[in-house]
Structures are given as C-alpha cells and as structure tokens.
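A short worksheet on the structure shown next.
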Amino acid sequence: MWGYAMRRKKRNKKVKKYNKFFSYNCTERKNKNFSYKDFSYSNSYNTRFTNSIFYGNSFYKATMKYCGFNGCKFSFIEFKSVNFRGCRFKGAHFENVIFENCNLSNTHFQNATFQNVYLVNTSLKSAKGIQDKDILTNITNSSLKLSLTPQLLEVIEESKTNPYIIASGTIFQKKKGHLSNAQKRAEKLLPKQERKRLQRERQTKLLAQAKQMSFNKVSIIRLLDNFTESEVAQGLHLATLSIDKDFSSLSYFIPYIKKANSIN
C-alpha cells in the first residue's frame, strides 16, 4: 500500500515546463535576429546576445541570468515573470516594451534608451545606470484610468468571440491551462480527429470564460502608443475575424491593424 502511494505521488508530481530550443548556456549569440521567437519557459545563463534584434517576442517565465544584451533592440516585447538577475543592457534600445513581475536585480542599463516602456509590479531599486527613471511608466491594470470610444469598446467585446485571442493573454488576462510549447508539439503527434476534438473542447471552455473577462488596459495603451483608436478598432475587428491559430505577443495584431487601415 505504501509503495502504491509513493508511485502515485511520483506520477502526480508537477513537471516544470522547459523550452530547450531557445535556452543557451555560456555561449555567443550576438548580431542575431530573434524576431517573433518564443522564449517562454527558456533558461539561459551567461550568454551574450550583443547587438541582436528582438521584435514581437514572448519571454513568459523565462530565466535569463547574467546574460549580455548590450546594444540590443527590443520592440513590442512582453517581459512577463522573467528573471533578468545580473543581466547587462548597456546601450540597448527599448520601444513599446512591458516589464511585468520581472526580477531586475543587479542589472545594468548604462546608456540604454526607452520609449513607451511600462513597468507592472517590477522594481528598479537595484537596477543600475538608468539616469531618468521617470521615463519608465509604473502602472497597475486595476488603478489605470482609460477612456475609450464606444467603437473601440464594442470591438474589444467582439474579440471575446475568438478563442485564440482569449488564449493569447494579450487583449485579455491570460487564463490558466494555456498549452506550453512541449504540449503543442505532443498534440501535433495525435491523430487529426483527436487534435480537432481537443481544440474544440478548449475553445468551448475559453469562450464560456470570456464573458466575465475584463480587457487588459495596458495592452490597449501600448497599441494606442502607435495607432489611433479608430485604427486599433478596425485592426482588432479584422483580427477577430481572421486569427485561427495560437499566438502570444501583442505585436501579432500589428499586421492586421496596418492591413485594415492600408498602412504601409
């Protein structure tokens, strides 16, 4: 009986998610273009990404300890629950970036530049080299005041009908149960009918939850930093009708906004 209980406990032990494809240990990855790559759940240590480009990436729950990002360009990035302990960002440029629940202890930002950068539950107390910390906006989603046009509010409500937008954690708060990269790869190995059945079940569950969800004000503000309310509304409407696969970055909406408004 005791042996059975031990085996059951071992089977029920939660397995930590790990993204091995974008995990680097003591290596050189400088002058690379990492645009749209998913670093979620990755684990990197003492790696140099010097002068690399990051656009539209997701770093959800990534660990990037003592890495070098000197001279890198970050645009439309979500840093959520990322451990950047001891990292170097000297001369890096950040544009339309959010740091949410991040560890920035002993980081170095000498000569880094910031444009439309937001902090949510992230401390700069031990971050070094930021000359003017007021240029970074400290906000919380609950206390944020935001007045939107009826057109945009209507389209945001309409986007609840798209399960992929709900699951992305971009316009709305991310719900538990979102598939990891490993789970997605495992599902691809299943027979086609089984995959479709699982997808329908998830979509039905997400749409049922969506009715009570409130939108992420910070995400809307980040879009409005680059486009008008009318442009965002038209683009979000097109995205709601068009998106039919998983994504995880707010930048995924940019092509739809540009296409809906004929912006080059």
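When reading the values below, keep in mind they use all heavy atoms of this one structure, side chains included, and skip hydrogens, waters and symmetry mates.
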Quiz prompt | Straight-line distance of Asn46 CG to Thr27 OG1, nearest 0.5 Å | solution = 10.0 Å
Self-check item: Intermediate values then yes/no, side chain to side chain contact (heavy atoms under 4.5 Å, CB included), Val232 and Leu224
Solution: CA-CA 7 Å; Val232 172; Leu224 293 176; 3.8 Å; yes
Quiz item: Has Gln110 got more than 12 heavy atoms of other residues, nucleotides or ligands less than 6.0 Å from its CD?
Solution: yes
Exercise. Look only at the side chain of Ser242 and the backbone of Ala239, and say whether a donor-acceptor pair between them is shorter than 3.5 Å.
Key: no
Quiz item: Hey, any chance Tyr36 and Leu223 share a hydrophobic cluster, counting ILVMFWY side chains that come within less than 4.5 Å of each other, even indirectly?
Solution: yes
Quiz item: Is there a donor-acceptor contact under 3.5 Å linking the side chains of Asn101 and Asn121?
Solution: yes
Exercise. Please name all residues satisfying side chain to side chain contact (heavy atoms under 4.5 Å, CB included) with Asn106, sequence neighbours left out, ordered by chain then number.
Key: Arg85, Lys128
Practice problem: Report the distance from atom CD1 of Ile77 to atom OG of Ser251, rounding to the nearest 0.5 Å. | Solution: 7.0 Å
Quiz prompt | Inter- and intrachain pairs under salt bridge (Lys or Arg N to Asp or Glu O under 4.0 Å), touching residues 18-33, at least two apart | solution = Glu28-Arg48
Quiz item: Are Ile220 and Ile156 close enough, and set up right, to give a side chain to side chain contact (heavy atoms under 4.5 Å, CB included), and what steps lead you there?
Solution: CA-CA 9 Å; Ile220 299 301; Ile156 290 173; 3.9 Å; yes
Quiz item: Under the 3.5 angstrom rule, does the side chain of Thr47 hit a backbone N or O of Cys67 as a donor-acceptor pair?
Solution: no
Practice problem: Check the pair Phe172, Phe215 against ring-ring contact (aromatic ring centres under 6.0 Å, His included), reporting the backbone distance first and the verdict last. | Solution: CA-CA 5 Å; Phe172 304 96; Phe215 67 88; 7.4 Å; no
Quiz item: Between Arg222 and Glu78, is the closest basic N to carboxylate O distance under 4.0 Å?
Solution: yes
Quiz item: Any donor and acceptor pair, going by atom type alone, linking the side chain of Glu231 with main-chain N or O of Thr228 inside 3.5 Å?
Solution: yes
Practice problem: Using the test ring pair (Phe, Tyr, Trp, His ring centres under 6.0 Å), find all partners of Tyr256 that sit at least two apart in sequence or belong to another chain. | Solution: none
Exercise. Under the side-chain hydrogen bond (donor to acceptor under 3.5 Å, both in side chains) rule, collect the residues that match up with Asn51, sequence neighbours excluded.
Key: none
Practice problem: Heavy atoms only: give me the nearest Cys102-Ser81 pair and the separation to one decimal. | Solution: SG-N, 4.1 Å
Quiz item: Residues two or more places apart in sequence or in another chain: which of them pass side-chain hydrogen bond (donor to acceptor under 3.5 Å, both in side chains) with Thr149?
Solution: Glu229
Exercise. Give a yes or no answer on whether the side chain of Ser35 reaches the backbone of Asn33 with a donor-acceptor pair at less than 3.5 Å.
Key: no
Practice problem: State which residues pass ring pair (Phe, Tyr, Trp, His ring centres under 6.0 Å) with Tyr118; sequence neighbours excluded, sorted by chain then number. | Solution: none
Quiz prompt | Separation of Ser58 OG from Tyr252 OH (nearest 0.5 Å) | solution = 14.0 Å
Exercise. State the CG-CG distance between Leu152 and Leu236, to the nearest 0.5 angstrom.
Key: 7.0 Å
Quiz prompt | With Ser126 via side chain to side chain contact (heavy atoms under 4.5 Å, CB included) - residues at least two apart | solution = Ser105
Practice problem: Please indicate whether Lys133 has more than 12 foreign heavy atoms, meaning atoms of other residues, nucleotides or ligands, lying under 6.0 Å from its NZ. | Solution: yes
Practice problem: Just do the side chain to side chain contact (heavy atoms under 4.5 Å, CB included) check on Asp38 and Phe21 with the steps written out, would you? | Solution: CA-CA 9 Å; Asp38 189 355; Phe21 294 100; over 6 Å; no
Self-check item: ILVMFWY network linking Val82 to Ile53, side-chain heavy atoms under 4.5 angstrom
Solution: no
Quiz prompt | Whether over 12 other heavy atoms sit under 6.0 Å from Lys61 NZ | solution = no
Self-check item: For Phe227, all residues meeting ring pair (Phe, Tyr, Trp, His ring centres under 6.0 Å), sequence neighbours excluded
Solution: none
Quiz prompt | Ser23 side-chain N/O to Asn43 backbone N/O, donor-acceptor pair under 3.5 Å | solution = yes
Exercise. Taking Thr107 for its side chain and Leu104 for its backbone only, find out whether a donor-acceptor pair lies under 3.5 Å.
Key: yes
Quiz item: To the nearest 0.5 Å, what is the distance between CD (Gln234) and NZ (Lys258)?
Solution: 15.5 Å
Quiz prompt | Polar side-chain atom of Asn96 near backbone of Asn116 as donor-acceptor pair, under 3.5 Å | solution = no
Self-check item: Sequence-distant partners of Asn111, side-chain hydrogen bond (donor to acceptor under 3.5 Å, both in side chains), two or more places apart
Solution: none
Exercise. Identify, with sequence neighbours excluded, every residue that meets side chain to side chain contact (heavy atoms under 4.5 Å, CB included) alongside Lys37.
Key: Phe22, Phe34, Phe39, Asn57
Self-check item: Partners passing ring pair (Phe, Tyr, Trp, His ring centres under 6.0 Å) against Phe76 (at least two apart in sequence or in another chain)
Solution: none
Self-check item: Hydrophobic cluster partners of Tyr66 (side-chain heavy atoms under 4.5 Å)
Solution: Tyr45
Practice problem: May I ask whether Phe247 and Leu241 are part of the same hydrophobic cluster, defined by side-chain heavy atoms of I, L, V, M, F, W, Y residues being less than 4.5 angstrom apart, directly or through others? | Solution: no
Exercise. Indicate yes or no for a side-chain donor-acceptor contact from Asn261 to the backbone of Ile263 under 3.5 Å, with no hydrogens or angles considered.
Key: no
Exercise. Verify, without hydrogens or angle tests, whether Ser44 (side chain) and Tyr24 (backbone) share a donor-acceptor contact under 3.5 angstrom.
Key: yes
Practice problem: Mark yes or no for whether Asn162, through its side chain, and Thr240, through its backbone, hold a donor-acceptor pair below 3.5 Å. | Solution: yes
Quiz item: Under the criterion ring pair (Phe, Tyr, Trp, His ring centres under 6.0 Å), which of Phe54, Tyr55, Phe74, Phe69 is the partner of Phe94?
Solution: Phe74
Quiz prompt | Gap separating the CD1 atom of Ile98 from the CG atom of Leu136, nearest 0.5 angstrom | solution = 12.0 Å
Practice problem: Carefully, step by step, assess Leu124 and Ile130 under the rule side chain to side chain contact (heavy atoms under 4.5 Å, CB included). | Solution: CA-CA 9 Å; Leu124 295 174; Ile130 302 178; 4.1 Å; yes
Quiz item: Which residue, Tyr18, Phe59, Tyr60, forms the ring pair (Phe, Tyr, Trp, His ring centres under 6.0 Å) with Tyr41?
Solution: Tyr60
Exercise. Say whether Ile171 and Leu148 are linked into one hydrophobic cluster, either directly or through other cluster members, by side-chain heavy-atom distances under 4.5 angstrom.
Key: yes
